[in-house]
Amino acid sequence: MIFSKRTKFSVGLASAVICSLLMTGGCAPPGGKKVKLEAELEKQAPKAAAAEPVRLALKFTPGDSTTYKITTQAEKNVKWEGSSLSKANFKDGSTGNRVEMTFTQQIQSVDDKGNAIAKITIEGLKYLYMIKDNPVLDFDSFREKDRNNPLAKLIGQSYTIEIAPAGKVIKVVDVKQAQAAVKGNRTALELLSFDAIKKRHETLALPDSDKNQLRTGDNWSSIKSFSFGLMGPKSYEKIYTLKEIKNLDNQQIAVVEMNAIPTSEMAEQLYKEQATSDLIKMFDNTETYTGLLKLNLTAGKVEKWFEELRSEWVIIDPSAKQQDDSEPAALKMGVTRISSLEKID
């Protein structure tokens, strides 16, 4: 879903921003008798039974082992289009990071509520951090030349978490040994922080445990908030819809789609934490926030999941001298947030 809001700005403010921000129709059947006959037959026909609900939840079995790859990306970019004197001291660029981690999840025990203690072992890691298009950190554990990089010490390290059938990480049970192995490496320790671990292993596309009996067409929702720096914070209502149930190779696969809309819920709290800049009122804003979940109901495992937010702010410079048929000078700022999980084995 795309949303747009239009406004204008002054040249002076634009310079400050540049410095600050990198009906369907049908035909009735002819003849009254035929219509009455069809209506009577419809009344006498047996009603189709409603599809049985399915339980959208994870299942855990002690000893079971599964390998996943999770990818997260957070990026902001700034681009100047057209011709203007303001561009003389301005450089386009993207800043942000992309992390790919391959890990094995082994279920050690399951309690009477279905909660599991899972041992997570890191099998591979790619970490790219860019500032204005320049790579500050570029690590790939599968590259020979990176074998001596401090981040390589993460490979083979393990930690344990407690996870619920609804996909929430209840707690991080133990990560001390892994943290000790990478002591002194700030990036590695950030990847092993409690917050990072919880975000990495939570399947937030699943409904709450007391609302997980669903039929095709049913939906549920949750709230997600982001902070966009000088452009201010924003909250979204993520609306999930169970689109279909597929049968593939004797496995039942649930397909869930997500579309998000801006919401004022939690906005007051966000504004208390961070004053929103008036800059946002001066930009056109377009955004999309979508997602997809494929859940193997038979095995109780996620086959594939991703959510992607892309937002762009555009401000036009009306004072810039334009040549015939040329595009107006414009400053474009964008943010991207991507999270994905894929079952490897």
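In this chain, numbering begins with 1 at the start of the sequence shown.
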K.L.:
Which heavy atom of Glu162 sits nearest a heavy atom of Val173, and at what distance?
P.N.:
N-CG2, 3.9 Å
K.L.:
Hey, what do you get for NZ (Lys224) to CG (Leu204), rounding to the nearest 0.5 Å?
P.N.:
7.0 Å
K.L.:
Without swapping roles, check the side chain of Thr298 against the backbone of Gln252 for a donor-acceptor pair under 3.5 Å.
P.N.:
yes
K.L.:
Taking atom CD1 of Ile161 and atom CG of Asn115, what is their separation to the nearest 0.5 Å?
P.N.:
11.5 Å
K.L.:
Please examine the side chains of Glu307 and Tyr289, heavy atoms only from C-beta on, and report whether any two atoms are closer than 4.5 Å.
P.N.:
yes
K.L.:
Are any non-hydrogen side-chain atoms of Phe60 and Leu58 less than 4.5 angstrom apart?
P.N.:
yes
K.L.:
Are any non-hydrogen side-chain atoms of Val256 and Trp220 less than 4.5 angstrom apart?
P.N.:
yes
K.L.:
Between OG1 of Thr288 and CD of Glu308, what distance do you get to the nearest 0.5 Å?
P.N.:
6.5 Å
K.L.:
Taking the side chain from Thr95 and the backbone from Lys132, do they hold a donor-acceptor pair closer than 3.5 Å?
P.N.:
yes
K.L.:
Could you point out which residue of Tyr159, Tyr68, Trp305, Phe194 forms a ring-ring contact (aromatic ring centres under 6.0 Å, His included) with His201?
P.N.:
Tyr159
K.L.:
Between Thr160 (side chain only) and Asp174 (backbone N and O only), is there a donor and an acceptor less than 3.5 Å apart?
P.N.:
yes
K.L.:
With hydrophobic residues grouped by side-chain heavy-atom distances under 4.5 Å, do Val110 and Val172 end up in a single group?
P.N.:
yes
K.L.:
Determine whether Tyr127 and Ile70 fall in the same hydrophobic cluster, where Ile, Leu, Val, Met, Phe, Trp and Tyr are linked whenever their side-chain heavy atoms lie under 4.5 Å apart.
P.N.:
yes
K.L.:
Please tell me if the side chains of Asn285 and Ser311 come closer than 4.5 Å, counting only heavy atoms from C-beta onward.
P.N.:
yes
K.L.:
Taking all non-hydrogen atoms of both residues into account, name the closest pair between Ile107 and Ala118 and its distance.
P.N.:
CD1-CB, 4.0 Å
K.L.:
Grouping I, L, V, M, F, W and Y whenever their side-chain heavy atoms are under 4.5 Å apart, do Met101 and Leu128 come out in a common cluster?
P.N.:
no
K.L.:
In terms of heavy-atom contacts, does CD of Glu190 have more than 12 from other residues, nucleotides or ligands at under 6.0 Å?
P.N.:
yes
K.L.:
Within the side chain of Gln179, is there an N or O that forms a donor-acceptor pair under 3.5 Å with the backbone of Leu192?
P.N.:
yes
K.L.:
How about Ser339 and Thr72: does a side-chain donor come under 3.5 Å of a side-chain acceptor?
P.N.:
no
K.L.:
Is the number of heavy atoms from other residues, nucleotides or ligands under 6.0 Å of Lys304 NZ greater than 12?
P.N.:
no
K.L.:
For a 4.5 angstrom cut-off between non-hydrogen side-chain atoms, does Val182 reach Leu191?
P.N.:
no
K.L.:
Between Asp133 (side chain only) and Ser94 (backbone N and O only), is there a donor and an acceptor less than 3.5 Å apart?
P.N.:
yes
K.L.:
Go through the steps to decide whether Lys246 and Val255 satisfy the test side-chain contact (heavy atoms from CB on, under 4.5 Å), and finish with yes or no.
P.N.:
CA-CA 8 Å; Lys246 296 181 177 180; Val255 180; 4.2 Å; yes
K.L.:
Under a 4.5 Å cut-off applied to non-hydrogen side-chain atoms, are Leu125 and Val99 in contact?
P.N.:
yes
K.L.:
Might you point out which heavy atoms bring Ala178 and Ser158 nearest each other, and give the distance in Å?
P.N.:
CB-O, 3.5 Å
K.L.:
Examine Phe139 and Met130 and state if one hydrophobic cluster contains both, with Ile, Leu, Val, Met, Phe, Trp and Tyr joined whenever side-chain heavy atoms are less than 4.5 Å apart.
P.N.:
no
K.L.:
Any side-chain to backbone donor/acceptor pair from Asn149 onto Leu151? Under 3.5 Å, distance only.
P.N.:
yes
K.L.:
Between Asp111 (side chain) and Lys113 (backbone), is there a donor-acceptor pair under 3.5 Å?
P.N.:
yes
K.L.:
Any Lys/Arg nitrogen of Arg310 or Glu312 sitting under 4.0 Å from an Asp/Glu carboxylate oxygen of the other?
P.N.:
no
K.L.:
For Asn148, I'd like to know if atom CG has over 12 heavy atoms of other residues, nucleotides or ligands within 6.0 Å.
P.N.:
no
K.L.:
Evaluate the criterion side-chain contact (heavy atoms from CB on, under 4.5 Å) for residue pair Leu137 and Asn97; output intermediate values, then yes/no.
P.N.:
CA-CA 9 Å; Leu137 175 59; Asn97 64 18; over 6 Å; no
K.L.:
One pair to check against side-chain contact (heavy atoms from CB on, under 4.5 Å): Phe142 and Lys126. What are the steps and the verdict?
P.N.:
CA-CA 8 Å; Phe142 299 100; Lys126 295 181 181 181; 4.3 Å; yes
K.L.:
Count I, L, V, M, F, W, Y as connected when their side-chain heavy atoms are under 4.5 Å apart, and connections chain through other members. Are Phe306 and Leu56 then in the same cluster?
P.N.:
no
K.L.:
On a heavy-atom basis, which atom in Ile253 and which in Lys294 lie closest, and how many Å separate them?
P.N.:
CG2-CB, 4.3 Å
K.L.:
Between Glu202 (side chain only) and Val169 (backbone N and O only), is there a donor and an acceptor less than 3.5 Å apart?
P.N.:
yes
K.L.:
Do the side-chain N and O atoms of Tyr240 and Lys238 include a donor-acceptor pair separated by under 3.5 angstrom?
P.N.:
yes
K.L.:
Tell me whether Glu144 is salt-bridged to Arg147, with the criterion being a basic N under 4.0 Å from an acidic carboxylate O.
P.N.:
yes
K.L.:
Given 3.5 Å as the limit, does a donor-acceptor pair link the side chain of Asn259 with the main chain of Ile239, or not?
P.N.:
no
K.L.:
Leu154 and Ile122: which non-hydrogen atoms are nearest, and at how many Å?
P.N.:
O-CB, 3.6 Å
K.L.:
Considering only heavy atoms from C-beta outward, does the side chain of Leu297 approach that of Arg55 to under 4.5 Å?
P.N.:
no
K.L.:
At their closest point, which heavy atom of Pro150 faces which heavy atom of Asn185, and how far apart are they?
P.N.:
CB-ND2, 3.0 Å
K.L.:
Could you tell me the separation between the NZ atom of Lys332 and the OG1 atom of Thr286, rounded to the nearest 0.5 Å?
P.N.:
8.5 Å
K.L.:
Between Asp138 and Arg143, is there a salt bridge with N-O shorter than 4.0 Å?
P.N.:
yes
K.L.:
I need the Thr71 OG1 to Gln73 CD distance, nearest 0.5 Å.
P.N.:
9.0 Å
K.L.:
Does Glu303 form a salt bridge (charged side-chain N to carboxylate O under 4.0 Å, His left out) with Lys301? I'd like the steps, not just the answer.
P.N.:
CA-CA 6 Å; Glu303 293 288 333; Lys301 297 181 180 182; over 6 Å; no
K.L.:
Just checking Tyr129: does its OH atom have more than 12 heavy atoms from other residues, nucleotides or ligands closer to it than 6.0 angstrom?
P.N.:
no
K.L.:
Apply side-chain contact (heavy atoms from CB on, under 4.5 Å) to residues Glu100 and Lys69 and explain how you reach the verdict.
P.N.:
CA-CA 7 Å; Glu100 295 181 15; Lys69 181 177 77 172; 4.2 Å; yes
K.L.:
So, taking the atom named OG in Ser340 and the one named CG in Leu292, what distance separates them when rounded to the nearest 0.5 Å?
P.N.:
11.5 Å
K.L.:
Can you find a pair of side-chain heavy atoms, one from Ser235 and one from Ser225, that are under 4.5 Å apart?
P.N.:
yes
